[in-house]
Amino acid sequence: MQFELQHSDAYSAARTGKITTDHGVIETPIFMPVGTVATVKAVHMRELKEDIKAQIILGNTYHLYLRPGLDILEKAGGLHKFNGWDRPILTDSGGFQVFSLAGTRKLKEEGVTFRSHIDGSKHLFTPENVVDTQRIIGADIIMAFDECTPGTADYAYAKQSMERTHRWLERGLKHFDTTEPKYGYSQTFFPIVQGCVYPDLRRQSAEFVTAQNREGYAIGGLAVGEPAEKMYEMIEVVNEILPKDRPRYLMGVGTPANILEAISRGVDMFDCVMPTRNGRNGMLFTRNGIMNMRNKKWANDFSPIDAESDCFVDQQYTKAYLRHLFTANELLAMQIASIHNLAFYMWLVKEARQQIISGTFSSWKNQMVKCVTTRL
RNA sequence: GGGUAGUUACCAGAGUGGCCAAAUGGGACUGACUGUAACUCAGUUGUCUUUCGACUUCGGUGGUUCGAAUCCAUCACUACCCA
């Protein structure tokens, strides 16, 4: 994997770049649709490519390991062959599940033992075997196994959690560097910065991670219960330290406004379930604001879903029709909403890129943040 | 014509003397959702009020009772059965 830094904004830390992988090029800033269980929910690959114009998608180690399982993925020849997505894939390591499935898991120095949410069976994830699993999945970008510390954690917990994540990082890297990809194309490994909402921990973590000298870095443990302003502050602190010539990936973020604010602070890569999950639940993000399609006010609105979008669902269907599909609980509602939201997120980061290139990013961003947070 | 069962909020439906503005579903309305255990979850759903609370309801009318959705009488309507 290579990263080429292309433009740097004069008035903010925003920048554009180009990531080259064996499965193709990614232009940053980029949003990566989440495809946890080998599918971006409710969206076909063809729509992902042609309508949404996704450049890279995510998979999840925890979910894929449990189902379909490593034997199937290996027989398939990796996730790209299995789901038919021939562009880059990034896999989360399961670190977020360690956090979100707390209750069914036990943290130890060696790793995490947990019970499957599917059948209750017991499993162990370690920094090493999570690398092996991501080798088998065949992700272009492999994530370190970390603990996604809750935003409400106290300093003492955040510190010891961060330190364990660092020890896990060293083990994971050592294992990564002594193993080979399975399918003939290269894989890269991104460490993850933790440190909760504490600036000194964040600095310490960013320094630790930078010292590992990898091809890209992730910022984890944000948008997990802390105020947005705290998140922005942490991004600033961390990006002061992370090297400018490597991509920075802010994990799990976020709302359109979060993404714009993070781009202005120097983040290059994003992923979030929000466009798909909230879409399935009736929420549409547009450049003019947020619409809850279940609301009665759309019942008689026969205008296109998003007149300013060139995505086909936005021109093809009306608000009244989409509201009808949601109230009737029809599957097509979720498909349309997911495609629309993902296309909007892709438009947002692409437009941000154009604005950075043309030197107008900051003023555009300030205006756009107001627009995208409006309730329609 | 005779018999039986029934009539409760938007719908279905529980409640058979005070703890009932009335269970539970559905529907409707509103909100939440950030590295996906999520086509999920939460709230509201008689009227007025920000709250406390006040007021009017359980087919109609009249009665019994300190007190009625609940008991009695009667009328209306519905369903099924027999002719």
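Letters go in sequence order (proteins before strands), and every chain restarts at 1. Here the structure is a predicted model, which means the values were calculated and not measured.
Side-chain contact of A:Asn288 with A:Thr286: a donor-acceptor pair under 3.5 Å is absent, judged by distance alone. Counting only N and O atoms by type, the side chains of A:Thr113 and A:Lys122 include no donor and acceptor under 3.5 Å apart.
When the P atom is used for both B:U57 and B:A12, the distance is 23 Å, rounded to whole Å. To the nearest whole angstrom, the two P atoms, one in B:C20 and one in B:G26, are 23 Å apart. With both ends at atom C1', the span from B:G27 to B:C80 equals 29 Å, rounded to whole Å. When the C1' atom is compared between B:C66 and B:A22, the two are found 22 Å apart, to the nearest whole Å. Separating the P atom of B:C71 from that of B:G6 is a span of 11 Å, rounded to the nearest Å. Only the C1' atoms considered, B:G59 is 27 Å distant from B:A54, to the nearest whole Å. Look at the C1' atom in both B:A69 and B:A83: the space between them is 36 Å, to the nearest Å. Nucleotides B:G67 and B:G17 are separated by 8 Å at their C1' atoms, to the nearest Å.
Within the nucleic acid shown, A:Ser116 has no heavy atom closer than 4.0 Å to any nucleic acid atom. If you check every strand for non-hydrogen atoms under 4.0 Å, A:Gly221 touches a base. Contacts of A:Leu58 with the nucleic acid, taken as non-hydrogen atoms under 4.0 Å apart, involve only primed sugar atoms and P, OP1 or OP2. Residue contacts for A:Glu226: at a heavy-atom cut-off of 4.0 Å it reaches no nucleic acid atom on any strand shown. Residue-level contact check: A:Ile118 touches neither bases nor backbone, having no heavy atom under 4.0 Å from any strand. Residue contacts shown for A:Asp146 include a base, since a base heavy atom lies under 4.0 Å away. Across all strands shown, A:Asn258 has heavy atoms under 4.0 Å from base atoms, whether or not it also approaches the sugar-phosphate. Within the 4.0 angstrom heavy-atom criterion, only backbone atoms of the sugar-phosphate kind lie near A:Asp271; the bases stay farther away. Using a 4.0 Å heavy-atom criterion, one finds that A:Arg375 contacts the sugar-phosphate atoms exclusively. Nucleic acid contact class of A:Met143 (heavy atoms, under 4.0 Å, all strands): none.
The local environment of CD in A:Glu109 is crowded, with over 12 non-hydrogen atoms from other residues, nucleotides or ligands closer than 6.0 Å. More than 12 heavy atoms of other residues, nucleotides or ligands lie within 6.0 Å of CZ in A:Phe312, so this atom counts as buried by the packing criterion.
Relative to the ring axis of A:Tyr232, A:Arg265 places its NZ or CZ within 45° and under 6.0 Å from the centre.
Under the side chain to side chain contact (heavy atoms under 4.5 Å, CB included) criterion, A:Thr21 pairs with A:Met1, A:Ile19, A:His23, A:Ile26, A:Pro88, A:Asp140, sequence neighbours left out. In this structure A:Thr327 satisfies the side-chain hydrogen bond (donor to acceptor under 3.5 Å, both in side chains) test with no other residue, sequence neighbours excluded.
Toward the 5′ end of RNA chain B lies the nearest nucleotide of A:Gly35, the other residue of the pair A:Gly35 and A:Met334 mapping further downstream. Each of A:Ala328 and A:Val40 was assigned the nucleotide of RNA chain B with the nearest heavy atom; the assignment lying further toward the 5' end belongs to A:Ala328.
Under the Watson-Crick or G-U wobble criterion, with both distances below 3.5 Å, B:U70 has no partner in any strand shown. Pairing for B:C55 goes to B:G46, judged as Watson-Crick or G-U wobble with the two contacts each under 3.5 Å. Pair check for B:U40 finds B:A32; Watson-Crick or G-U wobble, both atom distances under 3.5 Å. If you check B:U78 for Watson-Crick or wobble pairing at under 3.5 angstrom, you find it paired to B:A5.
You can see that RNA chain B meets the heavy atoms of chain A within a 4.0 Å-exclusive cut from B:C29 to B:U40, reading 5' to 3'.
Aromatic ring centres of A:His80 and A:Tyr185: separated by under 6.0 Å.
By the 30° and 60° cut-offs, the orientation of the rings of A:Trp364 relative to A:Phe361 is tilted.
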